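A quick write-up on the structure given underneath.
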Amino acid sequence: MESPRAPHDWNVTPTEAVALQKRLREQLILEPPPGLRVTRLAGADISTEKGNDTGYGGMVVLDAATLEPVARAVAAVPLTFPYVPGLLSFRELPVLAAVWKRLTVRPDVLIFDGQGTAHPRRVGIACHGGLLFDIPSIGCAKSLLVGTPGKLAERRGATSPITHKGEVVGMAVRTRAGVSPVYVSPGHRMDLDTAVEWVLKASPRYREPETTRHAHRLVNAFRRSGGEAAELEEGRPG
DNA sequence: GCGACAG
DNA sequence: ATCTTGTCGC
């Protein structure tokens, strides 16, 4: 008997990856679990360096009320898939899956650095990762892959739908007044409104969510340390 | 065919 | 994403 969310093989070609995305898309649940209570938020990211094919990944779990780090984990894994626009998850998720196994404190929502449904086939890394880890997830990207947002006010909190081929696939969200917006879209077990709500709550001061900022700093420190986890695994100021 | 193209 | 110093501006 096959599990509803049996992990698939990562050893695939770009053509096979596209076919897999079309199947994964059908498994997406674009609605949050009834009565979802978010007490912990987490951010995921990976860092790489030019002459090295290693992906240094990390995740940081934050208390949703204070946005203070409560747990973290890292993992260094060889990268076997190239960066291809639209297939980012096949390059980064093998690394994040190793990190996820080491993360003992489970978050209620996981925010990815990349798109959710604002994707050519509506299966960005946030969707794929949400399905893989079976967790409510959000895609929060710094730039667009597809779609066009309408004009949005300069004040923090302003939003404008991102339309692609006649449908709303995400939302441009101004997390900081007068600064470029971030592009938010639901991953899995999530809807657009809830995704926007949490990205704004997680970004009280800077353009990017604290989840992403913490994860970004963690993986960069991890990479520069040459893959020496050591103190990076336990609580340490960001 | 041409241009666009998350990280 | 990464390679990289200084510099303009609040």
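Chain letters run A, B, ... following the sequence lines, proteins first and then strands; every chain starts at 1. Bear in mind that the values here come from a model prediction, so they are computed numbers and not experimental data.
Taking all atoms of both residues into account, the shortest heavy-atom contact from Asp113(A) to Leu88(A) is O-CD2, 4.5 Å.
In DNA chain C, consecutive stretches of 3 or more Watson-Crick or G-U wobble pairs with both distances under 3.5 Å do not occur.
For the pair Arg91(A) and Trp10(A), the cation-pi criterion (under 6.0 Å, within 45° of the ring axis) is not fulfilled.
Scanning residues 154-168 of chain A for heavy-atom distances under 4.0 Å to DNA chain B yields an empty list. Looking at residues 82-90 of chain A, you'll see Tyr83(A), Pro85(A), Gly86(A), Leu87(A), Leu88(A) sit with a heavy atom under 4.0 Å from some atom of DNA chain B.
For dA1(C), the OP1/OP2 oxygens have no side-chain nitrogen or oxygen of Lys50(A) closer than 4.0 Å. The phosphate of dT2(C) (OP1 or OP2) has a side-chain N or O of Asn220(A) nearer than 4.0 angstrom. Listed pair Ser143(A) / dG7(B) meets the phosphate criterion, a side-chain N or O lying under 4.0 Å from OP1 or OP2. Between Thr48(A) and dG7(B) there is no side-chain polar atom (N or O) within less than 4.0 angstrom of OP1 or OP2.
Gln115(A) comes within 4.0 angstrom of a base, heavy atoms only. Nucleic acid contact class of Ile46(A) (heavy atoms, under 4.0 Å, all strands): none. Residue-level contact check: Asn52(A) touches neither bases nor backbone, having no heavy atom under 4.0 Å from any strand.
For His8(A) and His128(A), the gap between ring centers is short of 6.0 Å.
For Arg223(A), whose side chain is taken as the heavy atoms from C-beta onward, the closest listed nucleotide among dG7(B), dA6(B), dT2(C) is dT2(C).
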